[in-house]
Amino acid sequence: MRYLLLMILIFSFSFSNSFQRDSSRKVVVDSTNKLMWIDNVSVIKVLRTHEEATRYCETLSFLGYSNWRIPEIEEFKMIVDKKNERNYINRKFRFNVPDGYWARKAHWRTFWFYADYMHFVSGTPYFDSRHKNKYVRCVRDIQ
């Protein structure tokens, strides 16, 4: 029983440390999934349609990197923290609006009229009209 408890503690400790905030560069690095998330004031100020959000991230040059993109909905699910009832995002993130953030996927079954977004009021993914304005949080893959 002690070994099981020890294994659970080690696993939970290692999982919680996968996110590290770099305050000087205003990013959060997820070392487990090899992702770098922008976490500065832009993520609470930039509102775009889905198409504009995609173009915004793809043309963004930040910290000398130009390979930013809109996150997949599955990547957003990795930063949701249901215990953080204030805004349902991992506590390493300092900037967040309890509202919707665009994800990459647009749905072909609606003739690409709807796209996914993460709703940080509840920490739940939804989809909505791509013509509405939502917030943008860019991410990039790291080696």
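All of these numbers come straight from a predicted model, not from anything done at the bench.
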Enquirer: Indicate the atoms forming the closest heavy-atom contact of M36 with R25, along with that distance.
Expert: CE-NH2, 3.1 Å
Enquirer: Is the distance between the ring centroids of H119 and Y88 under 6.0 Å?
Expert: no
Enquirer: Where is the tightest heavy-atom contact between V136 and A53, given as atom of each residue plus distance?
Expert: CG2-CB, 3.5 Å
Enquirer: List the atom pairs, with distances to 0.1 Å, where a side-chain N or O of residues 56-66 and a protein N or O form a donor-acceptor pair under 3.5 Å, not counting sequence neighbours.
Expert:
residue	atom	partner	partner atom	Å
T59	OG1	R55	O	2.8
T59	OG1	Y56	O	3.4

Enquirer: Are F19 and I79 close enough that some pair of their side-chain heavy atoms sits under 4.5 Å apart?
Expert: yes
Enquirer: Thinking salt bridges, do D39 and R137 make one under a 4.0 Å N-O criterion?
Expert: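 Salt bridge: yes.
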Enquirer: Please round to the nearest 0.5 Å and tell me the distance separating atom CD1 of I89 and atom CZ of R94.
Expert: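 It comes to 13.0 Å.
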Enquirer: How long is the span from the CD atom in E52 to the CZ atom in R130, to the nearest 0.5 Å?
Expert: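 CZ of R130 is found 11.0 Å from CD of E52.
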Enquirer: To the nearest 0.5 angstrom, please state how far the CH2 atom of W37 sits from the CD1 atom of I142.
Expert: 12.0 Å
Enquirer: Is there a side chain to side chain donor-acceptor pair (under 3.5 Å) between R48 and T54? Walk through the geometry before answering.
Expert: CA-CA 9 Å; R48 301 280 193 272; T54 301; over 6 Å; no
Enquirer: Strictly distance-based, threshold 3.5 Å: is any side-chain N or O of Y117 a donor or acceptor partner for the main-chain N or O of D99?
Expert: no
Enquirer: For a side chain to side chain contact (heavy atoms under 4.5 Å, CB included) check, start with the C-alpha distance between H131 and F113, then their side-chain angles and the critical distance, and finish with the verdict.
Expert: CA-CA 8 Å; H131 300 97; F113 190 74; 3.4 Å; yes
Enquirer: So how far is it from K134 NZ to S129 OG, rounded to the nearest 0.5 Å?
Expert: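 K134 atom NZ to S129 atom OG measures 8.5 Å (nearest 0.5 Å).
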Enquirer: Go through the steps for V43 and I38 under the test side chain to side chain contact (heavy atoms under 4.5 Å, CB included), then give the verdict.
Expert: CA-CA 8 Å; V43 300; I38 292 180; 4.2 Å; yes
Enquirer: How close do K92 and V28 get, heavy atom to heavy atom, and via which atoms?
Expert: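 Closest heavy-atom pair between K92 and V28: O-CG2, 3.6 Å.
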Enquirer: Testing the basics here: between A103 and I70, what is the closest heavy-atom pair and its distance to 0.1 Å?
Expert: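 A103 and I70 have their closest heavy atoms at C-CG2, 3.2 Å.
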Enquirer: Distance check, rounded to the nearest 0.5 Å: E51 atom CD versus W102 atom CH2?
Expert: 11.5 Å
Enquirer: Pairs in or reaching into residues 63-89: which pass salt bridge (charged side-chain N to carboxylate O under 4.0 Å, His left out), with residues at least two apart or in two chains?
Expert: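 Passing the test, one end in residues 63-89: R69-E75, R69-D141, E72-R104.
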Enquirer: Roughly how far, to the nearest 0.5 Å, is CZ of F120 from CE of M118?
Expert: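 Between M118 CE and F120 CZ, I get 5.5 Å after rounding to 0.5 Å.
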Enquirer: Taking the side chain from D116 and the backbone from F127, do they hold a donor-acceptor pair closer than 3.5 Å?
Expert: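 No.
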Enquirer: Looking at Y114, is its backbone amide N or carbonyl O close enough to the side chain of H50 to form a donor-acceptor pair, meaning the two atoms are under 3.5 Å apart?
Expert: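 No; judged by distance alone, with no hydrogens or angles, the pair does not exist.
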Enquirer: I'd like to check N90 versus N84 (side-chain heavy atoms, cut-off strictly below 4.5 Å). Are they in contact?
Expert: no
